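Side chains are part of it too, since the values below use all heavy atoms of this structure and drop only hydrogens, waters and symmetry mates. Indexing begins at 1, ligand by ligand and atom by atom, following the structure's order. Computed from a predicted model, the values in this text were never measured in an experiment.
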Amino acid sequence: MAGRPAEVQNIPMTLQTEKLGGHMAVAVSGIDLARLDSPDAQANLRRLLNDNLVLCVRGQKLAPPAFRDAMARFGTPMRRLQLAATSECDEVNIISSEDRDVLGDGKKLVNGASWHTDDSFMREPCSLTMLYGVIVPPIGGDTQFVNMYAAYEALSPEMKMRIDGLKVIHKYQSSRQTNRVSKRPEGEMKAMPEATHPLVRTHPETGRKALYLNANRMEQIVGMDRAESDRLLDELIAHAIKPEFQYRHKWRQGDVVIWDNRCTMHKANADYAEGERRLMHRVIVAGTEPV
Ligand code: SIN
């Protein structure tokens with residue numbers, strides 16, 4: 001419930017927390033991520049993230065190198081060629097309302113407009129994504145999240161048994177994709193062939209099971225005929241994105257939102273007024289092969 005202080009152990013007195021969603025997402029204010037030197041405070045942020053899946057740190061003012069360095073406390077920042085990078089820092093990508101498909105038809109591109117988890121087309125997808133609201137529109141441009149632990153736990157015992165052990169092929173350009181992804185050079189495409197991941201993964205830090213879906217990148221369930229695979233994937237996606245598993249983040253300028261791709265999906269909304277700008281800086285940190 002918004003406004004209720006979260007119960008957190010060992011948090012320094014200056015760290016104020018506020019539960020954002022009923023079952024996920026917490027906001028922290030009163031800290032400067034660029035100066036968060038205390039290992040205790042860092043461990044507490046990590047615990048908040050593991051418990052809440054989405055962590056928003058309010059009121060930050062971070063140049064790209066400072067943003068990268070602050071996020072490096074959560075893991076190893078990675079470069080992503082699919083998005084433009086800031087001139088100051090290769091590991092800080094730009095997501096902008098002005099994005100265009102520069103190698104394709106030049107049309108406007110809304111990165112992340114359908115439900116997804118980041119980088120599932122890679123063998124070792126990033127574990128966390130950090131998005132920093134540099135310019136946010138006054139209305140619209142929210143990011144939606146779903147809690148994939150909760151979605152898994154709510155499945156019937158029969159469905160859990162049916163999907164246990166199934167694996168899915170994920171591709172950058174999936175034939176099931178639901179929104180346009182930027183066209184990439186041939187050499188780059190060859191360097192990211194396809195990856196096979198479990199449909200249910202176990203989080204390496206919490207030990208909890210989560211559905212692992214990506215509406216835009218999943219191609220087919222291994223060993224299942226195409227029609228049956230499509231039916232099952234569609235059913236699981238429809239289940240996972242039910243409102244009861246969702247949290248919708250309304251951005252404030254200066255928010256740094258960190259989410260865990262191993263137990264969430266998310267989706268961008270380009271529903272702000274024509275002429276409004278939305279500019280985000282983005283860092284991802286390395287992950288491991290899903291199991
Ligand atoms: C993303 O999918 O990484 C970006 C989400 C957003 O811009 O809201």
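Aromatic rings of Tyr212 and His197 (six-membered ring for Trp) have centroids within the 6.0 Å cut-off, being under it. For an aromatic pair to be called close, the ring centres must be under 6.0 Å apart, and Phe245 with His239 satisfies this. Two rings, from His266 and Trp259, have their centers less than 6.0 Å apart.
Side-chain contact check for Arg226 and Ser175: at least one donor-acceptor pair (N or O, by modelled atom type) lies under 3.5 Å.
By the side-chain contact (heavy atoms from CB on, under 4.5 Å) test, Pro137 is found to be paired with Tyr272, Glu276, Arg278, residues two or more places apart in sequence or in another chain being considered.
Within 4.0 Å of ligand 1, heavy atoms belong to protein residues Ile95, Gly112, His116, Asp118, Leu131, Thr143, Trp259, His266, Ala268, Arg278, Arg282.
Taking the ring axis of Tyr149 as reference, the NZ or CZ atom of Lys209 does not stay both within 45° of it and closer than 6.0 Å to the ring centre.
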